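One structure is given below, encoded as structure tokens.
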Protein chains: 2
Amino acid sequence: MQSLIKYLNSFMPLSKAAKEALVGICKELQFKKNSDIQPIGHTCKTIYFLKKGLARIYYFKNDIDITESFSFENHLVVRYESLFTGRPSKKAIQVLEDSDLIAIDANQLFKLYSKFPELESVFARVFEAAHVETINRIESIQFHTAEERYKALLKEAPDVIKRVPLKYIASYLGITPVSLSRIRGQK
Amino acid sequence: MQSLIKYLNSFMPLSKAAKEALVGICKELQFKKNSDIQPIGHTCKTIYFLKKGLARIYYFKNDIDITESFSFENHLVVRYESLFTGRPSKKAIQVLEDSDLIAIDANQLFKLYSKFPELESVFARVFEAAHVETINRIESIQFHTAEERYKALLKEAPDVIKRVPLKYIASYLGITPVSLSRIRGQK
DNA sequence: GTAATTTCTTATCATATGATAAGTAGTTCC
DNA sequence: GGAACTACTTATCATATGATAAGAAATTAC
């Protein structure tokens, strides 16, 4: 649990009472490599924190598996578009390695907000940071070639290449696995 | 001011006291067509609400003018990536028609949060909705052709085509003006 | 109202990526 | 440890978009 608290503290220091209330609504979970921790069609009511391991959010577009995002240790995994709208998600969360997660029940969290406004504040900060990342991703997708995006990913998260099958990286970059192979091949 | 209140109320009803506090930190402004209301390099400390008119957020990439987004009447115009990080924005806000805006001073707003948690809540909802839009935009950019994106835009916001120069629409769609012309031309 | 400027279109050629297919390498399963 | 499966690479061909250029249309300025 300490890793989650540390993560939140980096956004905003929390009172002991708030931390304890939060811990009270968290559960620790383990998942085996390649298993879905939330299926497609399920409404997102859980905020996951990845203690150990590696996860991705994915969906199917015309029967093609598309990776929307990767999440690494000590980061959240959330399908925001479902959590914020209350609608079923078209996306699933899958772990790509044996992983340890902390699950925060979102409804219980939102109920704590009135008693602990600092919890609302800290999660607002966390979500804002995710929003900024999403905005930056648009620029990257729209105005860089696939090759530039691949190289940027290598730089930002060199781990990805070692730990994630290339086919998932390809769809994350918005290209086919064949095209990614070609980019890697030339050099 | 009524239009802003109405907008916020659609996310969450607000107490009279909160509304009054909010109105106290707002200013009404007019801008002439094509003028920048916030320049590139300025840190975003203002949340704008577009009462009348039309605006875009844009920046330069290798000397090319890129439109990041359009905003229409009764919606916010915010450079979130600057507001949330406190860093200077590489983007500017420009009105594309004579426009009336309401400017909310962000620092004053954030200070009101402790006295009026409902203001923090309602703006959290507003920002979440913007976040969801951004997530959906990624899917649109990454997995639809320029032609599909253009048609989707026509459907979503038929006004755009009438009110916005095509060159701005082209960069918003992630293509050159020449390419947009071609798409419009074929049919 | 004409000239100057800006915006949009059309054409040509170059190039990056997609689709398909076939082969190689690596992994998993019994 | 061999068979079956999955992941990755390489090759060929088709296509959408970019770059450049030139002209038409629309807008703005005087």
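The figures that follow rest on heavy atoms only: side chains count, while hydrogens, waters and symmetry mates do not. Keep in mind that what you see is a predicted model, and the values were worked out from it rather than measured. In what follows, chains carry the letters A, B, and so on, assigned in the order in which the sequence lines appear, proteins first and then strands, with residues in each chain numbered from 1.
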Salt bridge (Lys or Arg N to Asp or Glu O under 4.0 Å) partners of B:E133, counting only residues at least two apart
none

Could you check whether B:R137 makes a cation-pi contact with B:F143, meaning its NZ or CZ is under 6.0 Å from the centre of the six-membered ring and within 45° of the ring axis?
no

Taking ring pair (Phe, Tyr, Trp, His ring centres under 6.0 Å) as the test, write out the residues that go with A:F110, two or more places apart.
A:Y113

Measure the angle between the two terminal helix axes of the helix from C:dG1-D:dC30 to C:dC30-D:dG1, five base pairs each, and quote it to 10°.
60°

Flag if over 12 foreign heavy atoms under 6.0 Å of [atom1], [X]:
X	atom1	answer
B:K111	NZ	no
A:K61	NZ	yes
B:K90	NZ	no
A:R87	CZ	no

List the steps and the verdict of ring-ring contact (aromatic ring centres under 6.0 Å, His included) for B:F127 and B:F84.
CA-CA 11 Å; B:F127 297 156; B:F84 290 156; 5.4 Å; yes

Rounded off to whole Å, could you give me the CG-to-P distance for the B:D65 and C:dT6 pair?
14 Å

What range of DNA chain D does chain A touch, first nucleotide to last, counting atoms under 4.0 Å from its heavy atoms?
D:dA7 to D:dT12

Determine all donor-acceptor pairs shorter than 3.5 Å in which one atom belongs to a side chain in residues 1-11 of chain B; sequence neighbours excluded.
from: B:N9; atom 1: OD1; to: B:L14; atom 2: N; distance (Å): 3.4
from: B:N9; atom 1: ND2; to: B:I5; atom 2: O; distance (Å): 3.4
from: B:S10; atom 1: OG; to: B:Y7; atom 2: O; distance (Å): 2.6

Which residues within residues 162-180 of chain A lie with some heavy atom under 4.0 Å of an atom in DNA chain D?
A:P165, A:L166, A:K167, A:V178

The residue among B:R56, B:K167, B:K91 that forms side chain to side chain donor-acceptor pair (under 3.5 Å) with B:T67 is B:R56

